[in-house]
Amino acid sequence: MNKNELSASLAGDISLGEEISVHRLGYGAMRLTGEGIWGPPKDHEGALAVLRRAVELHVDFIDTADSYGPNVSEELIAEALFPYPAELVIATKGGWNRPGPNQWTHDASPAHLRKAVEGSLKRLRLDRIDLYQLHVPDHGVPFEASVGTLAQLREEGKIRLIGLSNVTKEHIERARRIVPIASVQNRYSFADREWDYVVDYCESNGIAFIPWFPLGAGKVAGDVLNQIAQAHRASRTQVALAWLLRRSPMMLPIPGTSSIEHLGQNVAAASLSLTDEDYQTLSSVPELVGSR
Ligand SMILES: NC(=O)c1ccc[n+]([C@@H]2O[C@H](COP(=O)([O-])OP(=O)(O)OC[C@H]3O[C@@H](n4cnc5c(N)ncnc54)[C@H](OP(=O)(O)O)[C@@H]3O)[C@@H](O)[C@H]2O)c1
């Protein structure tokens, strides 16, 4: 791969809700915060530089959440990039709170989501959020009440498109009876395929699937990844990302990093083509793991 090929645009484009087109390789801004996704980053200027470099590399989709920090990730995005380039889409989330390092608590109640959207608008310095995602269903709140609140906020012009995260197909279908759903964000990689059927459902229904934790884990996955990466003179992360990009045209990976060097490597995955054999080998990793 040469330097001329370093552009997220080489991953092709994807339509969000048939309204917004973005390149199919985004950036996840969770790791820009302090340890445990808590507090400010150790290197404030470095975090701003990563965000600016992402945009220079034509990344036009940045994923964040009010709970990353909390607030820190959204504030850094605004500090680094406001006024935003016209094509930049910032996707944030609410409904999962961060009361302390590595702690999560649910609150997707209508009152909280309203407050959360107002907070994100302010921190991101926006009049309207392009993509607002329910971070996770809250079992203490009727799912329809959470989604209905986001639908109302959309009617009020505070949200353009609505997405879901950490959901089943049943959740997506229930939500779509209330409002169009533009994206679904679940944990997914070549080695971690619990949500294969959700990827297929999203592809059939024109919904973007945004995988988090795209590398997968475990020894078997690591060995297979190493072999293929060596053959392509690529990194493991690049191979894992290339597999995702090939898995579905509705796939929109958002690899996260706090390192400019890793960011460049991840964006370079946009132009990495796997052979059919590589793709099949990686696809069969869950079966290999199961057979050992
Ligand atoms: N919806 C959800 O519930 C949910 C949950 C988790 C994450 N997310 C979103 O998804 C994004 C991605 O999450 P993730 O869990 O996949 O990743 P992540 O948590 O953002 O972190 C990726 C990890 O891989 C490392 N890394 C990244 N690029 C690398 C490279 N080229 N070489 C070596 N190491 C590399 C990073 O370390 P360095 O910083 O050192 O590069 C980091 O430790 C997050 O940023 C967030 O926006 C959503």
Side-chain angles (χ1 to χ4, degrees), residues 28-40 62-77 90-124 129-156 158-159 161-188 192 194-195 197-199 201-202 207-214 254 256:
M30 183 175 84
R31 296 280 162 181
L32 290 181
T33 66
E35 192 96 1
I37 323 300
W38 181 258
I62 296 182
D63 180 77
T64 183
D66 59 0
S67 51
Y68 299 164
N71 304 341
V72 172
S73 174
E74 291 183 333
E75 285 165 358
L76 286 168
I77 291 169
I90 299 169
T92 192
K93 319 181 196 75
W96 217 6
N97 296 334
R98 199 80 173 154
N102 295 315
Q103 293 170 36
W104 296 100
T105 52
H106 293 264
D107 191 351
S109 63
H112 175 77
L113 285 176
R114 277 199 164 270
K115 224 171 98 191
V117 167
E118 292 299 341
S120 290
L121 283 167
K122 204 167 155 203
R123 283 184 294 278
L124 290 168
I129 293 163
D130 277 330
L131 178 64
Y132 194 85
Q133 305 154 97
L134 179 64
H135 207 150
V136 65
D138 177 349
H139 300 301
V141 174
F143 181 64
E144 277 72 11
S146 303
V147 175
T149 304
L150 297 185
Q152 278 167 17
L153 288 158
R154 180 169 169 261
E155 286 288 306
E156 292 165 25
K158 295 183 174 172
I159 295 174
L161 298 170
I162 295 175
L164 302 174
S165 179
N166 302 304
V167 286
T168 62
K169 182 177 144 197
E170 191 210 346
H171 284 122
I172 310 169
E173 287 177 333
R174 282 166 62 188
R176 291 178 79 206
R177 282 182 214 123
I178 300 170
V179 70
I181 294 299
S183 67
V184 168
Q185 183 172 146
N186 280 7
R187 198 193 63 222
Y188 187 75
D192 179 358
E194 182 180 358
W195 301 113
Y197 77 103
V198 171
V199 175
Y201 176 86
C202 286
I207 297 170
F209 185 90
I210 306 173
W212 60 268
F213 200 40
I254 47 163

For a 4.5 angstrom cut-off between non-hydrogen side-chain atoms, does [X] reach [Y]?
X	Y	value
D66	R123	yes
S120	E74	yes
V167	N186	yes
H171	L134	no
V72	L32	no
E118	K158	yes
V117	I159	yes
W38	Q103	no

Practice problem: Evaluate the side chain to side chain contact (heavy atoms under 4.5 Å, CB included) criterion for residues V147 and E144: first the C-alpha distance (whole Å), next the side-chain angles of each, then the deciding distance (0.1 Å), finally the verdict. | Solution: CA-CA 5 Å; V147 175; E144 277 72 11; 5.9 Å; no

Under 3.5 Å: donor-acceptor pair, side chain of [X], backbone of [Y]:
X	Y	result
S146	A108	yes
S67	N97	no
N166	P137	no
R98	G36	yes
K93	Y132	no
S73	M30	no
Q133	T92	yes

Quiz item: Between V179 and L150, does a side chain to side chain contact (heavy atoms under 4.5 Å, CB included) hold up when you go through it step by step?
Solution: CA-CA 9 Å; V179 70; L150 297 185; over 6 Å; no

Nearest 0.5 Å, please: how far is [atom2] in [Y] from [atom1] in [X]?
X	Y	atom1	atom2	result
I210	L164	CD1	CG	10.5 Å
I62	L76	CD1	CG	11.0 Å
D107	L113	CG	CG	7.0 Å
W96	T105	CH2	OG1	10.0 Å
S183	I162	OG	CD1	10.0 Å
I129	L121	CD1	CG	4.0 Å

Exercise. Please assess T168 against W195 for the test side chain to side chain contact (heavy atoms under 4.5 Å, CB included), listing each intermediate value before the final yes or no.
Key: CA-CA 8 Å; T168 62; W195 301 113; 4.1 Å; yes

Self-check item: Side-chain ion pair, R174 and E170, N-O less than 4.0 Å
Solution: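 Looking at R174 and E170, the cut-off is met.
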
Quiz item: Which of these passes ring-ring contact (aromatic ring centres under 6.0 Å, His included) with Y188: F213, F209, Y197?
Solution: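 Passing option: F209.
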
Self-check item: Atom of I77, atom of A29 and distance for their closest heavy-atom approach
Solution: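 Residues I77 and A29, closest heavy atoms: CD1-CB, 4.0 Å.
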
Exercise. Looking only at non-hydrogen atoms, find the nearest pair between P110 and V141 and report the distance.
Key: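 The answer is CD-CG1, 4.3 Å.
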
Practice problem: Could you tell me how the ring of W104 sits relative to the ring of Y68: parallel (under 30°), tilted (30 to 60°) or perpendicular (over 60°)? | Solution: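 Rings of W104 and Y68: perpendicular, over 60°.
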
